[in-house]
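Each remark here refers to the structure printed beneath this line.
Here the structure is a predicted model, which is why all the values come from computation and not from measurement. In what follows, chains carry the letters A, B, and so on, assigned in the order in which the sequence lines appear, proteins first and then strands, with residues in each chain numbered from 1.
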Amino acid sequence: MIRQQIADWITTALRTAQAEGALSFETVPDFEVEPPRHAEHGDYASNVAMLLAKQARRNPREVADIVRQHLPEACAEWVDRVEVAGAGFLNFFLKAGWAGAIVRTILQQGKQYGNTQLGTGQRVLIEFVSANPTGPLSLGHGRNAAVGDTLARIMQANGYQVEREFYINDGENSTQIRNFALSVLARYRQLLGEPAEMPEDGYFGEYVKEIAQTIRQTHGDTLAQGEPETIVRQFEQIAKSLMLAEQERDLRDFGIVFDRWYSEQSLYDAGAVQATLDHLRQRGYAYESEGALWLRSSAFGDEKDRVLVRANGMPTYLAADVAYHRDKFERGYDLLTDLWGADHHGYVARMKAAMSALGYDPNRLVILIYQLVNLYRGTELVRMSKRAGNLITLREVIDEIGTDALRFFYLLRSHDSTLDIDLELAKEQSEKNPVFYVQYAHARICSIERTAQERGVPMPTLETDLTVLTHPEEVALIKRLADFPEEVALCAKHYAPHRLTAYALDVARAFHGFYTECRVLGSEPTLQSARLLLTRATRQVLTRTLSLLGVSAPERMERVEDE
RNA sequence: GCCCCCGUAGCUCAGGGGAUAGAGCAUCCGCCUUCUAAGCGGGUGGUCGCAGGUUCGAAUCCUGCCGGGGGCGCCA
């Protein structure tokens, strides 16, 4: 808010200078107002003059000086002085006590603080996880889930109307569903003591046996009798829905609830796949060759054309997925966001090409690719899961380290980076663990408030004099708090939810510094009141940040002493 | 061969046109009569993979190369 305020003053100054003929330029550049690294450069600095110099045909320092002289008088309320420095930076030095005004604003805005208008009026569909219903969610799906859900929360905070959707890959003609069903069927028969062989490329994880067991318990021993094709179809339905139920349960325990579970099969049932193929043909972007139907994706930058319908008449996964994305656009969203694993990156070009072929703006489809996740126990790479065999399940990691730690760790790095998670570290209740560091700051705040209550110190009103908040640690903390709305907006603009963990750590760090240097309870009454309000404002921002991350903000954290 | 991601402190990574490059961990030295020491302060530690280019200014943008990971099905 203070940054926006300064930016507005600068814009006003530019307009005034322009009107007076002191400065000539066509467009206001996209300049920045940032807290400089070094205190001698003021509280906030702007690069506007350097960006404008060429247009204005003057050297940057001259431009800076002109801007400085045309700043509106209103800024005198908060600004002590403005210096021109370096290559042409405008350095703003704020009056002692400016920080207090920010604390008041934060508290006045309450739960609204941190919200922005960035996406007001825009509908977004975030499609994520979308795991195959043939196995439990994996460690990789967990990253997808954490990034997608937090991004959804962030976009909501920015005013977007957000919906979360899970696309179920349940096409009945797909080989994977059939294989899965055949695997479950084989296990089921084995349970009944019948000789049954697993399909060669079947699913060999323990969970398949569990599903067979569940089916036996709920449907009895006669489900594998009758006409073979009917049996397999039946097993497809039952096994698939059991698997989906488990995925939904895991996600709910991970703090994620989808607005919609969208079935691939429903696209076939509604004729949407066929309609999309016809539409592509009409537009001239689908053609027959070698007995198959092809998408002319190479016309839109893809390296080659792709098969939509195989020579055997079966549509490919791509065909359904194109129909699905068409359906999403037709539902009226302004923006579609997909979250895919790195192993699907090669698919991006063809999906965007398909959207272009259908006449949609491919830029309205944002596909985020996240890199792999490796799990370590100390320095040892964890490869296998007992239950799922060749993959590590999300469930077992949640069970071991908890939702809070796992969500935080997933968002500790950019989705562009491969992520290593160390189970030992995530479980450790110590200073090494960043989740605890942040949560501990919150618990400390609650502890101060509890003690205040015990001592009969009431929470001060907003009329309290906040200009006494001038200690460097207080100002540093308030600056971090003041950044919150800007940070929330940046997270959305760059699709970078991981920035939020960094921000949470920054706020926690600033608070711990304040806590150490500035005694709250027992200080001089005016100061005590002001500090109590600062503490409350910090709590509000921390709680909100953690809730955007889907991480809890505990009111107490007792250290467990281990010998 | 082509495509995507990464290469920054001993380790794990932020920063992705702006001033003297940051954090955590590790390591060394300090700080608990007083709101939770799961905390705080300080020290050590860097040719931002290499070479060109663009720019007033490059870790950041462009090109090429090197190294690591992933992907290149009428699988999903």
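Set against B:rA19, B:rA38, B:rG71, the side chain of A:D343 has B:rG71 as its closest nucleotide. Here the nucleotide nearest the side chain of A:Y437, chosen from B:rG69, B:rC40, B:rC75, is B:rC40. Nearest nucleotide to the A:R499 side chain, out of B:rG16, B:rC40, B:rA19: B:rG16.
Contacts of A:A502 with the nucleic acid, taken as non-hydrogen atoms under 4.0 Å apart, are absent. Across all strands shown, A:E40 has heavy atoms under 4.0 Å from base atoms, whether or not it also approaches the sugar-phosphate. The residue A:Y370 sits apart from the nucleic acid: no heavy atom pair falls under 4.0 Å. No contact: A:A452 has no heavy atom under 4.0 Å from any strand. No engagement by A:L293 is indicated, since no non-hydrogen atom pair under 4.0 Å with the nucleic acid exists. Contact annotation for A:E290: base contact, defined as any heavy-atom pair under 4.0 Å involving a base atom. Within the nucleic acid shown, A:H41 comes within 4.0 Å of at least one base atom, counting heavy atoms only. Note on A:A441: nothing from the nucleic acid sits closer than 4.0 angstrom, heavy atoms only. Residue-level contact check: A:C446 touches neither bases nor backbone, having no heavy atom under 4.0 Å from any strand. Within the nucleic acid shown, A:R306 has no heavy atom closer than 4.0 Å to any nucleic acid atom. A:T535 comes within 4.0 angstrom of no nucleic acid atom, judged by non-hydrogen atoms across all strands.
A:R450 CZ: more than 12 foreign heavy atoms inside a 6.0 Å radius. Atom CD of A:E380 has 12 or fewer neighbouring heavy atoms from other residues, nucleotides or ligands inside a 6.0 Å radius.
Residue ring and base: A:H38 counts as stacked with B:rU20 (centre distance below 5.5 Å, interplanar angle below 30°). We find that the ring of A:H345 and the base of B:rG71 do not stack by the test of centres under 5.5 angstrom and planes tilted less than 30°. For the pair A:F89 and B:rA19, the ring geometry qualifies as stacking, because the centroid separation is below 5.5 Å while the planes lie within an angle under 30°.
Atom P of B:rG67 sits at a distance of 34 Å from the matching atom of B:rC75, rounded to the whole Å. One C1' atom belongs to B:rC5, the other to B:rA51, and the distance between them is 22 Å to the nearest Å. With P as the reference atom, B:rC56 and B:rU12 are 38 Å apart, rounded to whole Å. B:rA37 sits 31 Å from B:rG15 when the C1' atoms are compared, rounded to a whole Å. Taking atom P on both nucleotides, B:rA59 is separated from B:rC2 by 29 Å, rounded to a whole Å. One C1' atom belongs to B:rG41, the other to B:rC32, and the distance between them is 14 Å to the nearest Å.
Rounded to whole Å, atom P of B:rG24 lies 13 Å from atom CZ of A:F408. A straight line from CG of A:N433 to C1' of B:rG24 spans 11 Å, rounded to a whole angstrom. Separating the CD1 atom of A:I448 from the C1' atom of B:rC35 is a distance of 5 Å, rounded to the nearest angstrom. B:rG42 atom P lies 10 Å from atom CD of A:E517, rounded to whole Å. Atom CG in A:N144 sits roughly 20 Å away from atom P in B:rA76 (whole-Å rounding). Rounded to a whole Å, the CH2 atom of A:W294 is 7 Å from the C1' atom of B:rC74.
An OP1 or OP2 oxygen of B:rA14 is reached within less than 4.0 angstrom by a side-chain nitrogen or oxygen of A:S417. Contact annotation: A:R310 side-chain N/O to B:rC75 OP1/OP2 distance is under 4.0 Å.
Side-chain rings of A:Y44 and A:F92 stay apart, their centers remaining 6.0 Å or farther from each other. Remark: aromatic rings of A:Y503 and A:F484 are close, center separation under 6.0 Å. Between A:H512 and A:Y437, the ring center distance clears the sub-6.0 Å criterion. For an aromatic pair to be called close, the ring centres must be under 6.0 Å apart, and A:Y285 with A:F300 satisfies this.
A 4.5 Å side-chain heavy-atom check between A:Y167 and A:Y324 finds at least one atom pair inside the cut-off.
Between A:H494 and A:D416, the one whose closest nucleotide on RNA chain B sits nearer the 5' end is A:D416. The residue among A:R450 and A:S289 whose nearest nucleotide of RNA chain B is located toward the 5' end is A:R450.
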Annotated structure of RNA chain B as dot-bracket, pair cut-off 3.5 Å, Watson-Crick or G-U only, | for inter-strand, is (((((((..((((....[...)))).(((((.......))))).....(((((..]....))))))))))))....
Side chains of residues 304-316 of chain A: which donor-acceptor pairs under 3.5 Å do they make with residues two or more places apart or in other chains?
{"residue": "A:D305", "atom": "OD1", "partner": "A:S297", "partner atom": "N", "Å": "3.3"}
{"residue": "A:D305", "atom": "OD1", "partner": "A:S298", "partner atom": "N", "Å": "3.0"}
{"residue": "A:D305", "atom": "OD1", "partner": "A:S298", "partner atom": "OG", "Å": "2.6"}
{"residue": "A:D305", "atom": "OD2", "partner": "A:Y287", "partner atom": "OH", "Å": "2.6"}
{"residue": "A:R306", "atom": "NE", "partner": "A:D302", "partner atom": "OD2", "Å": "2.8"}
{"residue": "A:R306", "atom": "NE", "partner": "A:K304", "partner atom": "O", "Å": "3.4"}
{"residue": "A:R306", "atom": "NH2", "partner": "A:D302", "partner atom": "OD1", "Å": "3.0"}
{"residue": "A:R306", "atom": "NH2", "partner": "A:D302", "partner atom": "OD2", "Å": "3.4"}
{"residue": "A:R310", "atom": "NH1", "partner": "A:P315", "partner atom": "O", "Å": "3.1"}
{"residue": "A:N312", "atom": "OD1", "partner": "A:M314", "partner atom": "N", "Å": "2.9"}
{"residue": "A:T316", "atom": "OG1", "partner": "A:V307", "partner atom": "O", "Å": "3.0"}
{"residue": "A:T316", "atom": "OG1", "partner": "A:L308", "partner atom": "O", "Å": "3.1"}
{"residue": "A:T316", "atom": "OG1", "partner": "A:L318", "partner atom": "N", "Å": "3.4"}
{"residue": "A:T316", "atom": "OG1", "partner": "A:A319", "partner atom": "N", "Å": "3.3"}

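The OH atom of A:Y262 sits 7.5 Å away from the CD atom of A:E165 when rounded to the nearest 0.5 Å.
In this structure, A:F511 and A:Y515 have tilted ring planes: the angle between them lies in the 30° to 60° band.
B:rC6 has its base anti relative to the sugar, with a glycosidic angle deviating from 0 by more than 90°.
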